[in-house]
Amino acid sequence: MSLEARAGSGTGTAAPAPRAGRHPAVALLVIAAAELMVVLDATIVNIALPGIQAGLDIPGGALAWVVNAYALAFGGLMLLGGRAGDLFGRRRVFRFGIALFVFASLLGGLAPGTAPLIAARALQGVGAAIAAPTALSLIATNFAEGRDRNRAMGTYAAMAGVGSTVGLVLGGLLTQYLDWRWVLLVNVPVGLAVLAGTVVLAEAGRAQGKADVTGAATGTAGLLALVYAITRGGQDGWTDPLTVTALGTAAVLLTVFPLTQARARRPLLPLRVLRDRSRAGTYLTLFLVGTGMFATFYFLTLYMQHVLGYGPIRTGLAYLPFSIGIGIMAAVGSRLVVRHPPRELAVPGLAVAAAGMIWLSRLTPHSSYWGTLMPGMLVTALGLGATFVPLTLTAVRNVDDRDSGSASALLTTAQQIGGALGLATLATLATLSTAAADRRLPHADTAHRAGLRAHDPTLVAHAQDALTYGYTRAFLGSAAVFTAALLLACLTVDAGPQERTEPGSPQEPS
């Protein structure tokens, strides 16, 4: 995730002059802890999904909403959150975002059922969308340009990178030794400590204007309706009245959204940002990358715990090669991108990622970790890692200063929204495929979970076969998505030489 995706609203308002905070070390600790908490929450819940499903008896088709509710709110409201910080004061808005995130975490941890949990996850996403962009902008407010700010940015970026890996391991520890509810409740003490520490943060001046609430509401509601329609259509049929109504609502709202942006004085998404063919193609490519990547984490977690019988801790540790692979190739890519055009790195990277997903589609209920699962994960990770740096640089290259915040924020938005839509689609595919492989059992999903709990060998074997078939069809779907991203990158992404970027510039990837 790029740093600039969190930095501002892209309205062209001049940033206030930075002034040093009273306690810069504490200020940095507060901002970094907030970033770690928000990033960690995107992965910590993944490890707990099987425990959440069993604890609340969530149907397989609805489980994806535990992830999607957060992603949709986070990605859909990111631009509005950055703009709110400019208008109402960054420290004040940051406090509100963290307080909302903590409150939502408490509600989620105490949720008595599926609907309250999903609602709490959506509210968490709103809090994250408010806190995350203001957290980064507070670095500019509290640290003078130069060495101090560069160090602060480096620490912030480290939290963004470490958060995903820490979330996987911490999620396993909390789920296995305490309860799945603690993957949410752990945010309460951390968030309260962050709130207490905000007293040392310096406030910035406020910009003039107003937030484009109409645009944010229209776009986010349209995406929510589309994800709901995809999920319900797979469960209840595409002619179901609610499915048809949701599809129609999504079509109307997502048509209205660009019209509101074209007419708005200070739009959340200046449409001129998308006039560059390479940049627009890059956003669509990142949208597809998010689609495949979210689904990969989701189904690998279910496969490792439901089929292979891994515990939460073992599942978290099993992901470490994935995180390491992405980190290694991102570092290599940051060096290669100076000498090679973005297309020459992104296209092979996507080809490798697609090959990794095809490898994972060959998993069986008896596949070994070292022989099949880990190599497939590592290949996929290396491919994805090779794509992030060139695509990030292309997305913000040659952007007008007044649009740099919006252009960068779209990186996060494209991946989060792509992930939510893709997960809804591929979860539907997996559910239908599992049902098709399990015609002999009525109510296949209920039978699977009942059989796994009862340890009936025949039923467990049958359930594992059917579940594995569904998961591997989803992996094939992810391979198709990465292939589509590859073709799109071939046709649109810049093939010219990439300029060398300086540390701290808007083009520097996270």
Side-chain angles (χ1 to χ4, degrees), residues 43 46-47 161 164-165 168-169 285-286 288-305 307-308 310 314-337 340 342-392 415 418-419 422-423 426 429-430 468-490 493 509:
T43 55
N46 270 285
I47 298 299
S164 298
T165 301
L168 295 170
V169 178
T285 303
L286 286 168
L288 293 174
V289 169
T291 296
M293 189 171 174
F294 270 55
T296 299
F297 275 106
Y298 180 82
F299 290 110
L300 279 175
T301 298
L302 296 182
Y303 170 77
M304 283 189 275
Q305 295 194 38
V307 178
L308 297 183
Y310 287 8
R314 188 176 179 184
T315 302
L317 294 174
Y319 272 118
L320 290 182
F322 197 100
S323 300
I324 293 171
I326 286 183
I328 289 174
M329 284 310 299
V332 172
S334 65
R335 295 178 178 273
L336 294 178
V337 76
H340 298 275
R343 186 188 300 176
E344 289 185 5
L345 300 177
V347 169
L350 290 167
V352 171
M357 296 311 301
I358 293 174
W359 183 305
L360 292 175
S361 74
R362 298 168 59 86
L363 290 170
T364 72
H366 309 291
S367 293
S368 71
Y369 176 75
W370 296 107
T372 306
L373 182 57
M374 191 277 287
M377 293 171 62
L378 185 59
V379 169
T380 303
L382 292 173
L384 291 174
T387 67
F388 288 142
V389 173
L391 291 180
T392 299
Q415 292 179 67
L423 182 52
L426 294 175
L429 171 63
T468 302
Y469 182 77
Y471 300 153
T472 54
R473 296 314 91 183
F475 292 142
L476 279 179
S478 293
V481 169
F482 288 144
T483 301
L486 181 156
L487 295 174
L488 183 63
C490 281
V493 174

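Every value quoted in this text rests on a predicted model; they were computed, and no experiment measured them.
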Is there a side-chain contact between [X] and [Y] (heavy atoms, below 4.5 Å)?
X	Y	answer
Leu391	Gln415	no
Phe482	Leu288	no
Leu476	Thr472	no
Tyr471	Leu360	no
Val169	Leu320	yes
Leu426	Phe294	no
Ile47	Tyr319	yes
Leu350	Val289	yes

Return the minimal non-hydrogen interatomic distance between [X] and [Y], and the atom names on each side.
X	Y	answer
Pro321	Met374	CG-CG, 3.9 Å
Pro365	Leu308	O-CD2, 3.7 Å
Ala479	Ile358	CB-CG1, 3.8 Å
Trp359	Gly371	CZ2-O, 4.1 Å
Phe322	Met377	CD1-O, 3.5 Å
Thr296	Gly292	OG1-O, 2.7 Å

*For Tyr369 and Ala318, indicate whether the former's side chain and the latter's backbone hold a donor-acceptor pair under 3.5 Å.*
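Here the side-chain-to-backbone pair exists.
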_Would Leu373 and Leu300 count as a side-chain contact (heavy atoms from CB on, under 4.5 Å) here? Give the steps._
CA-CA 9 Å; Leu373 182 57; Leu300 279 175; 3.6 Å; yes
